[in-house]
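What follows is a set of notes on a single structure, which appears directly below.
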Amino acid sequence: VQLQACGGGLVQAGGCLRLSCAASGRTFSSYAMGWFRQAPGKEREFVAAITWSGTSTYYADSVKGRFTVSRDNAKNTVYLQMNSLKPEDTAVYYCALTQDWVSTTPRRYEYWGQGTVVTVSS
C-alpha cells in the first residue's frame with residue numbers, strides 16, 4: 001500500500017486547510033484510516049480516524065469541533081478538514097492505514113504516508 005498525503009502549508013491562526021491522502025495498491029475501502037501529527041521534539045500523536053465505511057469517526061480532544069475526517073472510497077482518498085487552526089496545530093501530519101479495527105494508537109497502523117507539513121502562524 002502506498003499513501004500520498006498533501007495539502008499542508010502555512011496559514012495564519014484562525015485559518016483553515018484541507019489535507020488529502022490518496023491510497024493505492026490495496027482495496028482502500030476495506031480499511032480504517034487515521035491521521036496523526038508530530039510536532040518538533042514531540043511524539044507522534046493521534047488526530048482523527050475513520051472506519052472503513054466512513055460511518056464512525058474519532059477525534060483527539062484537542063481537535064474536536066475544529067477538524068473533520070472524511071473519506072471517498074470511490075477515489076481511494078481520505079481527507080482532514082482543519083478549521084480554526086491554532087499555532088499548536090503546527091506539525092507534520094501523517095495519514096495511515098490499519099488492517100485491524102480503527103485505533104488511536106500509532107503502532108496499530110501498518111502503512112504510513114510521507115507526511116505533509118502544516119505551519120500555523122500567530
Side-chain angles (χ1 to χ4, degrees):
V1 176
Q2 292 186 331
L3 302 175
Q4 181 73 37
C6 63
L10 172 64
V11 64
Q12 289 188 332
C16 59
L17 284 173
R18 188 194 197 200
L19 307 184
S20 299
C21 176
S24 61
R26 189 162 287 217
T27 307
F28 171 80
S29 60
S30 299
Y31 301 104
M33 298 291 296
W35 285 97
F36 295 81
R37 67 187 182 187
Q38 187 166 17
K42 295 187 177 182
E43 293 188 352
R44 191 167 299 189
E45 65 174 3
F46 169 74
V47 175
I50 187 167
T51 54
W52 67 272
S53 63
T55 54
S56 295
T57 56
Y58 306 84
Y59 298 95
D61 288 343
S62 59
V63 307
K64 202 170 293 184
R66 300 188 297 122
F67 290 12
T68 302
V69 59
S70 62
R71 67 192 295 161
D72 185 339
N73 286 340
K75 296 182 178 180
N76 286 358
T77 302
V78 62
Y79 305 96
L80 184 68
Q81 178 67 42
M82 306 185 295
N83 298 332
S84 303
L85 282 162
K86 304 175 181 180
E88 51 264 43
D89 293 319
T90 295
V92 179
Y93 283 71
Y94 299 90
C95 60
L97 180 149
T98 177
Q99 301 176 91
D100 205 340
W101 186 246
V102 64
S103 173
T104 63
T105 306
R107 62 180 176 83
R108 300 296 293 272
Y109 288 77
E110 297 90 352
Y111 299 96
W112 292 81
Q114 84 289 359
T116 185
V117 179
V118 172
T119 304
V120 184
S121 63
S122 57

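All values below were derived from every heavy atom in this structure, side-chain atoms included, with hydrogens, water molecules and symmetry-related copies excluded. Residue numbers run from 1 in the order of the sequence given. The structure displayed is predicted, hence computed values, not measured ones.
In terms of hydrophobic clustering, with Ile, Leu, Val, Met, Phe, Trp and Tyr side chains grouped at heavy-atom distances under 4.5 Å, Trp101 and Val1 are assigned to different clusters. Put simply, Tyr93 and Val63 are part of the same group of oily side chains (I, L, V, M, F, W, Y) that touch within less than 4.5 Å, one to the next. Under the 4.5 Å side-chain heavy-atom criterion for ILVMFWY residues, a single connected hydrophobic cluster contains both Ile50 and Tyr59. If you chain together hydrophobic residues whose side chains sit under 4.5 Å apart, Val47 and Leu85 fall into the same group.
Smallest separation of non-hydrogen atoms from Ala91 and Arg37: CB-CB, 3.8 Å. Across all their heavy atoms, Val69 and Trp35 have their closest contact at CG2-CD1, 3.8 Å. Between Ala48 and Leu80, the shortest heavy-atom contact is CB-CD1, 4.1 Å. When all heavy atoms of Phe46 and Ser103 are compared, the pair lying nearest together is CE1-O, 4.0 Å. Summarising the geometry of Phe28 relative to Asn73, their closest heavy-atom pair is CE2-OD1, 3.2 Å, with the distance given to 0.1 Å. Scanning all heavy atoms of the two residues, the minimum distance from Tyr31 to Leu97 falls at CB-CG, 3.7 Å.
In this structure the side chain of Gln99 reaches within 4.5 angstrom of the side chain of Tyr111, judged on heavy atoms.
Surrounding CD of Glu88 are more than 12 heavy atoms belonging to other residues, nucleotides or ligands, all under 6.0 Å away. For Lys64, the NZ atom counts as densely surrounded, since its 6.0 Å shell holds more than 12 non-hydrogen atoms of other residues, nucleotides or ligands.
Note that OG1 of Thr104 and CD of Glu45 are 11.5 Å apart. Values are rounded to the nearest 0.5 Å. Once rounded to the nearest 0.5 Å, the distance linking OG1 of Thr51 with CE of Met33 reads 12.0 Å. How far OG of Ser84 is from CZ of Phe67: 9.0 Å, rounded to the nearest 0.5 Å.
Evaluation of the salt bridge (Lys or Arg N to Asp or Glu O under 4.0 Å) test over residues 104-120, restricted to residues two or more places apart or in two chains, returns Asp100-Arg108.
For the salt bridge (charged side-chain N to carboxylate O under 4.0 Å, His left out) test, residues two or more places apart in sequence or in another chain that qualify with Arg66 are Asp89.
Between the side chain of Thr77 and the backbone N or O of Lys75, at least one donor-acceptor pair lies under 3.5 Å.
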Please tabulate, one pair per line, all N/O donor-acceptor pairs under 3.5 Å involving side-chain atoms of residues 10-22, not counting sequence neighbours.
none

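When ring centroids are compared, Tyr94 and Tyr109 stay outside the 6.0 Å threshold.
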